[in-house]
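Structure first, commentary second.
Just so we're on the same page: letters track the sequence lines, and every chain starts at 1.
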Amino acid sequence: MGASLPSFGTSIVFSILVLAAYTFSVSVVAGRSRPHLLASARLGAYATSAVICCGVLLLSYGFFTHDFRIRYISQHSDRGMSPWYLLAALWGGQDGSLLWWTFLLGGYTAGCVAWMRGKYRALQPYVIATLMVVIAFFAILMMFAANPFEQNLAGSPGEGTQMNPLLQNYWMMIHPPMLYMGFVGCSVPFAFAVAALITGRLGNEWIVAVRKWMLLAFLFLSIGNVLGMIWAYEELGWGGFWAWDPVENAACLPWFTAAAYVHSTIIQERRNMFRVWNVVLICITFLLTIFGTFLTRSGLIASVHSFAKSDIGPFFSWFLVMAAVIAISLIVWRLPELRGKAQIESVASREGMFVINNWALLGGMLFILGSTTSPLITKALMDQEVTVGPPFYNKWMAPIGLLIFTLMGLAPLFGWRKTSGSSLKGAFAFPVGALLITTLLHALLGPKWGYPPVVSTTAIEAGTGARIYASIASFFPGITVSLAAFNITVVIQEFVRGTKARMSSTKKKGDPEGPLLALSRLVQKSRRRYGGYVVHLGIVGMYLGFVGTAWQVEDEVNLFPGQKATVADYELTYQGPRMCPGNPACSPEEQAAKGKRMLFADVVVKQKGRTLTTLHPAKFIHQNPPQTTTEVGLLRGLRDDLYLVLAVADPKTKKATFTVHVNPFVGWIWIGLLVLMLGCGVSLWPEVTTKRATAWTYVRAGVAATAGVLITFTLAASLAQPFAGSFSVSGRSHLHQHLSEGAKP
Amino acid sequence: MSEEESTMMVSWPPLIALSIVVGASIAGVVGGAPLVFIFLSASALTLTIALLWSSLGRMGQGARLNFEDALELAAPTATEEQKLAVLRALKDLEYELSVGKISKEDFDAASADYRAQARRLIAAQDESMKEQLEAAEALVSQHLSDSDPEPQRTKAKKVKSSGGKSRSKKAKSSASTRDEGDSTSDEETDAVENDTAEASDSEPSSEPKKTKEAPENNTSNAPKAGDDSDESPSSEKSESAPL
């Protein structure tokens with residue numbers, strides 16, 4: 001095995017294509033004329049997933065045995081890397097990440113095929129066939145452009161090159177898999193849409209089938225994007241979490257359309273409307289995932305993610321064009337059957353609000369898409385590249401975001417078809433009351449606490465229009481906080497009204513329920529609706545985190561050892577620099593660090609005379625590859641984060657320059673994600689069905705429950721971990737050292 | 001590998017998974033992470049070969065579609081879809097009245113409108129299925145007159161009276177018919193065999209397990225508000241199977 005691993009791995013990659021092609025053929029035949037072949041197609045799909053799994057495990061084996069004959073392994077790992085980072089190196093580079101992507105797609109395919117057992121007989125062959133086409137594309141890509149098992153032409157080097165130090169971060173271990181899970185997850189709804197269009201079964205059948213898959217993809221996209229924010233916040237050291245980098249933008253594009261679909265599918269189910277729209281949204285979402293990958297890999301647009309740059313862009317562009325042409329052709333072919341007769345009767349209705357919400361989400365997506373690709377567009381049209389920066393995005397995305405935020409609160413207050421004025425008055429009374437009270441309190445107390453509702457902004461362009469807009473934009477922080485209160489009240493009101501209605505209904509039936517029982521049964525009976533409301537609460541948390549940037553405090557201080565500086569209400573005392581390993585003050589873990597020199601600058605943090613912690617912002621000088629990284633000193637809190645960056649430290653004078661950021665409410669973004677995950681979990685929770693239990697049923701249930709609890713705990717604990725206390729470099733060192741100093745997985 | 005062997009192998013995924021986990025654990029204790037990966041990789045490859053073998057084996061069998069699967073292949077009609085959407089809208093309307101999102105006047109007006117639509121769609125559906133129902137009734141009558149026993153006729157009439165609305169009832173009925181020694185059609189026999197297969201909790205070989213999976217089949221054919229059971233029309237469960 002050892003002697004032939006690269007060639008054996010390559011043959012496995014070839015096998016993926018062969019098996020995918022076989023399964024595709026059998027599926028198409030099963031769909032066209034021989035339905036009894038479906039069982040063969042299903043087994044073929046499982047076999048394809050299993051062979052992909054074999055490939056990933058082989059590559060992992062190569063990493064763990066340091067088989068540097070394989071080029072990818074020698075370029076992304078060395079013998080000193082910890083097992084966790086060896087595992088993360090699987091997706092840390094181009095070729096491996098494509099195999100990892102295929103692996104996740106194989107997992108989704110196997111899961112989807114297992115889930116379809118005994119259901120969707122007519123759609124199954126084409127769902128499987130579509131998924132096989134996507135798998136085959138990735139197999140072709142690996143075979144001809146990015147083979148992760150390709151051998152080093154110059155022979156095996158004695159030592160490999162470490163993965164990019166920026167990627168050796170705890171969050172980077174889970175951010176890409178989560179984002180890929182979201183991206184890849186969009187393939188399943190697309191496969192169902194294609195199957196529905198081919199078979200002409202365009203009713204609600206496939207919509208019902210798809211909704212949970214899309215919600216799952218939406219959940220993973222949310223997690224992936226937020227984890228990316230956390231990584232950028234901790235690792236890049238510029239004080240923010242979202243820089244509107246093209247690759248970040250590409251990752252969030254499908255999120256917008258997935259969110260739009262999750263809402264518009266309800267209209268099709270309830271009112272039998274928007275069939276064309278829903279198909280289009282699903283296709284766009286899938287195409288955006290491919291486009292995002294194309295943007296990341298092609299290197300067409302400059303990005304901080306340049307480590308992913310390669311020459312596989314043309315493959316993606318061709319696949320993108322092919323998928324778009326097929327999707328558009330199928331939609332045009334089925335257009336007469338897709339068109340519904342029902343129409344929106346009034347804008348003052350739930351469906352009316354959903355439509356506006358859809359347009360707002362789509363508008364946001366189009367704006368980001370247009371701005372991200374502006375260098376390409378302007379180059380093609382005007383022969384000069386025009387790139388827009390974060391101020392441009394912030395300027396225009398703020399009103400779009402606020403529109404979406406407003407609609408999120410408004411939609412639940414409306415009924416289907418049309419809502420009378422008297423009903424609206426009742427529905428709006430409490431939320432509007434909460435909005436007004438919050439606005440008043442914010443105006444009175446905000447300035448005193450350092451969070452004024454009006455924050456003056458400067459126009460980024462010249463002209464009267466820009467100045468007027470800037471003065472309007474200065475009210476955005478206050479508006480966001482008021483809308484947050486509005487949204488929270490709407491959700492609470494929905495829960496209260498639903499519970500009351502249920503209590504009243506059960507009382508009439510002679511089986512009265514208490515408030516808690518009624519609430520729990522209400523959620524149990526309408527998980528999607530109430531899970532959705534919980535997701536809204538999560539989004540509110542995130543908006544609070546975003547608006548906190550308006551009150552961010554940033555300062556640069558130069559200190560000699562023993563000197564103090566005050567930023568916001570934090571008092572910082574610089575103790576001095578130390579270089580590790582070598583300095584006696586370094587901890588044993590710091591002394592044992594290999595392959596890098598670490599320059600720490602210790603700072604004691606006090607607030608109102610009370611010592612909070614000692615932060616250790618640092619510069620790490622890596623040897624292989626030679627690279628310097630900035631390690632942030634972070635003190636997290638629910639009110640704000642103290643974010644300390646060591647800019648320069650003079651070894652002779654020991655003078656250090658720090659950039660200090662006080663970031664209000666950033667933690668609420670991560671809390672919002674946890675709430676969003678909870679809401680999605682409620683919506684996705686499977687329906688309990690009565691079924692005869694066998695011994696294996698219990699074993700499966702036990703294993704599934706244990707796995708579910710473990711995964712949830714791991715994710716929740718990892719996200720909540722920053723709040724466990726001080727999260728300075730020393731606070732993080734426990735985790736970091738655990739990861740980097742050879743802890744076994 | 002014989003057919004039974006291949007069926008057995010793919011029918012017991014939990015046992016296979018358990019064996020792999022145990023094997024990987026032993027490999028981990030003996031040789032650490034690399035041995036775990038190589039063991040898992042070998043297992044995945046073995047599984048691939050077995051699954052492919054099984055897939056190829058099934059291609060040549062030329063098995064016939066059973067009754068339930070054939071029914072499943074029929075698409076719900078546009079009328080059926082519209083009817084379900086209207087019934088669901090009615091249910092939503094009731095919920096919205098109960099939580100005060102719409103006034104009683106709006107509820108009465110909208111409810112009357114939806115009910116009229118539902119009546120029209122149900123009538124249209126009955127009309128479109130009239131010929132098939134009559135043909136089915138004639139076939140059942142002929143079948144019953146060929147096989148005489150009185151108790152079975154009673155049961156079969158029950159099936160007939162349901163107008164083909166519930167597949168599970170039909171399958172159960174055919175099962176009881178066979179138990180009583182009557183001759184059954186191939187399709188009915190298949191359904192009964194699949195019922196038996198379901199008990200063994202097998203996977204690919206027992207895809208058509210309609211009787212027990214009736215609620216799921218309803219979901220597949222009719223857009224029931226799956227997880228929003230409060231919001232689903234009560235009539236969906238009995239009206240989902242298209243004929």
> A:Tyr22 and B:Leu52: side-chain contact (heavy atoms from CB on, under 4.5 Å), yes or no, with the steps?
Replying inline: CA-CA 10 Å; A:Tyr22 159 77; B:Leu52 184 62; 3.7 Å; yes
> Should A:Ser526 and B:Tyr95 be marked as a side chain to side chain donor-acceptor pair (under 3.5 Å) after you check the CA-CA gap, both sets of side-chain angles, and the distance that decides it?
Replying inline: CA-CA 11 Å; A:Ser526 300; B:Tyr95 170 82; over 6 Å; no
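Comparing A:Gly44, A:Cys53, A:Ser60 by heavy-atom pairs within less than 4.5 Å of chain B, the highest count is held by A:Ser60. In terms of heavy-atom pairs under 4.5 angstrom with chain A, the leader among B:Ala42, B:Ala44, B:Ser43 is B:Ala44. Heavy-atom pairs under 4.5 Å with chain B peak, among A:Ala209, A:Ala30, A:Pro412, at A:Pro412.
Contacts between A:Phe414 and chain B at a heavy-atom distance below 4.5 Å involve the backbone alone (N, CA, C, O). Only the side chain of A:Val26 comes within contact range of chain B, with heavy atoms under 4.5 Å apart. Residue contact with chain B, scored on non-hydrogen atoms closer than 4.5 Å, involves the side chain of A:Ile12 exclusively. For A:Leu19, the part lying under 4.5 angstrom from a heavy atom of chain B is the side chain only. Contacts of A:Arg34 with chain B are absent, with no heavy-atom separation under 4.5 Å from either backbone or side chain.
The CG atom of A:Leu5 sits 7.0 Å away from atom CD1 of B:Ile38, with the distance rounded to the nearest 0.5 Å. Interatomic distance, OG of B:Ser54 versus OH of A:Tyr46, reported as 11.5 Å (0.5 Å rounding).
Shown here for A:Ala47 and B:Thr48, the closest heavy-atom pair between the two residues is O-CG2, 3.5 Å. Shortest non-hydrogen contact noted between B:Pro34 and A:Tyr61 is O-CD1, 3.2 Å. B:Ser98 approaches A:Ala501 most closely through the heavy-atom pair O-CB, 3.5 Å.
Put simply, the residue from A:Leu57, A:Val56, A:Leu59 that forms a side chain to side chain contact (heavy atoms under 4.5 Å, CB included) with B:Phe37 is A:Leu57.
Around atom CZ of A:Phe428, more than 12 heavy atoms belonging to other residues, nucleotides or ligands sit under 6.0 Å away.
Looking at heavy atoms from C-beta onward, B:Leu47 lies out of side-chain contact with A:Val51 at the 4.5 angstrom threshold.
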